[in-house]
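Before I ask anything, let me first share the structure, which is written out below as structure tokens.
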There are 2 protein chains.
Amino acid sequence: NSTLTNAGTGSNLTLEGTVECDASIMDGEKLLYGAAGCISGVKNPIDLAHLLLQKQGEGKLSLGRIPPSVLVGKGAVQWASKHGLNMSEQHDLITESSLSTYRSHKRKLEMHSNRNSKKRSKKEATTNGSKQFSGSESDENSSVDSTSTSVDTEGMVAKDLCRSPAPSTQSAIQDTVGAVAMDCHGNLAAGVSSGGISLKQPGRIGPAATYGAGCWAHNWKSDNQPGVAIATSGSGEQLMYTSLAKECARCLQNQEDAIKGMLSGIKDKFLDSEFLEKEDEKFAGVIALRQEKQDASDNVELLWGHTTDSMCIAYVTSSQLKPKVFSYIKVMLKRGIGD
Amino acid sequence: NSTLTNAGTGSNLTLEGTVECDASIMDGEKLLYGAAGCISGVKNPIDLAHLLLQKQGEGKLSLGRIPPSVLVGKGAVQWASKHGLNMSEQHDLITESSLSTYRSHKRKLEMHSNRNSKKRSKKEATTNGSKQFSGSESDENSSVDSTSTSVDTEGMVAKDLCRSPAPSTQSAIQDTVGAVAMDCHGNLAAGVSSGGISLKQPGRIGPAATYGAGCWAHNWKSDNQPGVAIATSGSGEQLMYTSLAKECARCLQNQEDAIKGMLSGIKDKFLDSEFLEKEDEKFAGVIALRQEKQDASDNVELLWGHTTDSMCIAYVTSSQLKPKVFSYIKVMLKRGIGD
């Protein structure tokens, strides 16, 4: 429930100033997956994802109907309410900080739009008023927008829009919240929760509600197939196109050396992926647990890697009273604890 | 726009009697994917998926924002309307046949619910009125439902509910509509469109809007990597858990023999999948194009396979005036044309 994170309360706002959250969870023992997408009005969307997972574990609905794995939008919120989850009014999920960020980003977008509109009018005037462009001024996807601003500026503003808060707010970096965990029985699980990117189109589903993209968990099966739990964050559509959580899990399971597996996941399956060939910037962060069995006890490693400038990690074990939190900046593929 | 299909007009209705469609499309050349989920009010949801794909091909939005790949619900419908797609009132998408099927299924559900409710009252009475079960009577997922009906009956009714229309309607089988195609330049594409299962929970996202599950397309790259286009239908959550379209594509690309590839896709990746270990019945149908290059010309095979009792196939080539339609019943993995 921290308002510093981009999940639930304090989430990034959409183009319309609303909160729409994605969340998902995977159970490494039962290999079940529950996801909630485009959720407005549920206090903790991850609870909804978890309940969807649990209900699948209980078997079929009456008359043999199959319980849903992924629910989105209004129908999902109604289901959550009917099943007694904590609900929250939209305005209670919006914080001063998220609103201030939204206003700042929206101003930038309007300024950009006005500039383009002026350029357009000028160009139209010089061509004797003939209509040069299809699409309305508010159509952010018209070809005008992408050609009339230099690529450099676009990139800079994009970073500003999607990855950092407005100057007036705290300088916290707001990203997807991911968690990987192992219980005392050696069962693995992974989950992610996200408010999505700032100024996203309402209705947009991100990796946190996409099977294989945001989280993955698979219990230990044999010496040749170690257990893995993965959570990802980064540029949403890129994580979705590469099914990064699932592919990273495969790499960690197939490689004997954990670090080599992680490197292969991020390098081969993301940076060098044929699905991202045309992308000029590729952003991903991955946290992972890799579990091996030795003499009937669990040997677990926590690993992380990122192509982003920074990544914040926290961990807690059963022997600690408080979680440890640390942030890595411009460090690629560091090995974490091994216990 | 055929009202005989379970897509767009004539779609299966949700538990609330509404139409909510999923559709997606993948471009094998650019490896782009567009999907629309839980769509009410767009005449052809596949058009929305296609436009999402096209817009991604046009590059970033203003200020470097990344265009969405998947849109769902109300936000998606607003986006579709803003971009000039054909809209349709909800009631225009409901046909006499789909309404009649809905009413019949709903009656069965109510009868089942009433029977259980009576059993419950009786049991409660015999245990001196003590509350035996958690959850309300309308909670279809309560453990009562799954234990008080025999598994056989559940299975039979499930088939009746999800896979065949009501007796009073035409005896057409209403399933997901999938298409695989190659254009004159040898580019592959695949798409699926579906109204989902009858009486589904509103908000439920099915395989037709899930990356890797409903469709997949990948152009020819080398002799070792033939081109493939895949569309699937069947039991939705099972297709999603196995990412069947993507995994079948992999099998068809990795095997030199097309039929062996298809068999491996359906057998190893679906029927024997560890993700479906606890499922008693597994339903999938797959159609595929597999493209090889020989002396600079395309050698294309159309393949299909299904674990369902029946599957309907239609094909058209540039030399035909009309599509050929045929239906396969209880035939597993037949090879189609090779031209």
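Labels below follow one simple rule: chain letters A, B, ... track the order of the sequence lines, proteins then strands, and each chain is numbered from 1. Source: prediction; values computed, not measured.
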Please tell me if the side chains of A:Lys60 and B:Asp280 come closer than 4.5 Å, counting only heavy atoms from C-beta onward. yes
Find the one option among A:Ser235, A:Gly73, A:Ala213, A:Pro68 whose heavy-atom pairs under 4.5 Å with chain B are most numerous.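 Ranked by contacts with chain B, first place is A:Pro68.
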Heavy-atom donor-acceptor pair, A:Tyr33 side chain to B:Tyr241 backbone, under 3.5 Å: no
How about A:Lys30: does its NZ atom have over 12 heavy atoms from other parts shown lying under 6.0 Å from it?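 Not more than 12 within 6.0 Å, no.
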Nearest-0.5 Å distance, CD1 of residue A:Ile205 to CD1 of residue B:Ile205:
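Taking CD1 in A:Ile205 and CD1 in B:Ile205, the distance rounds to 6.5 Å.
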Roughly how far, to the nearest 0.5 Å, is CZ of B:Arg65 from NZ of A:Lys200?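 Between atom NZ of A:Lys200 and atom CZ of B:Arg65 there are 13.5 Å.
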| task | Kindly compute the distance separating NZ (A:Lys278) from CG (B:Leu31), expressed to the nearest 0.5 Å. | result |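 The NZ atom of A:Lys278 sits 8.5 Å away from the CG atom of B:Leu31.
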Quiz prompt | Structural part of B:Glu274 lying under 4.5 Å from a heavy atom of chain A | solution =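 B:Glu274 touches chain A through backbone and side-chain heavy atoms alike.
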Rounded to the nearest 0.5 Å, the NZ atom of B:Lys82 sits from the CD atom of A:Gln201 at a distance of 6.5 Å
Applying a strict 4.5 Å limit to non-hydrogen atoms, the region of B:Leu32 in contact with chain A is both
* **Separation between CD1 of B:Ile66 and CD of A:Glu279, rounded to the nearest 0.5 Å** =>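 One gets 6.5 Å once the value is rounded to the nearest 0.5 Å.
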Review point. Does any heavy atom of chain A fall under 4.5 Å from the side chain of B:Met26, the backbone, both, or neither of them?
Key: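 Side chain only.
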Nearest heavy-atom approach of B:Pro202 to A:Leu71 is O-CD2, 4.1 Å
Closest contact, heavy atoms only, A:Ser62 versus B:Leu109: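 Minimum heavy-atom contact is OG-CD1, 3.5 Å.
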Next on the checklist: Quick test of your reading of the model: are B:Lys246 and A:Glu247 salt-bridged, counting only N-O distances below 4.0 Å?
Outcome noted: yes
Top of B:Met240, B:Gln238, B:Lys74 for chain A proximity - count of heavy-atom pairs under 4.5 angstrom:
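The candidate making the most pairs under 4.5 Å is B:Met240.
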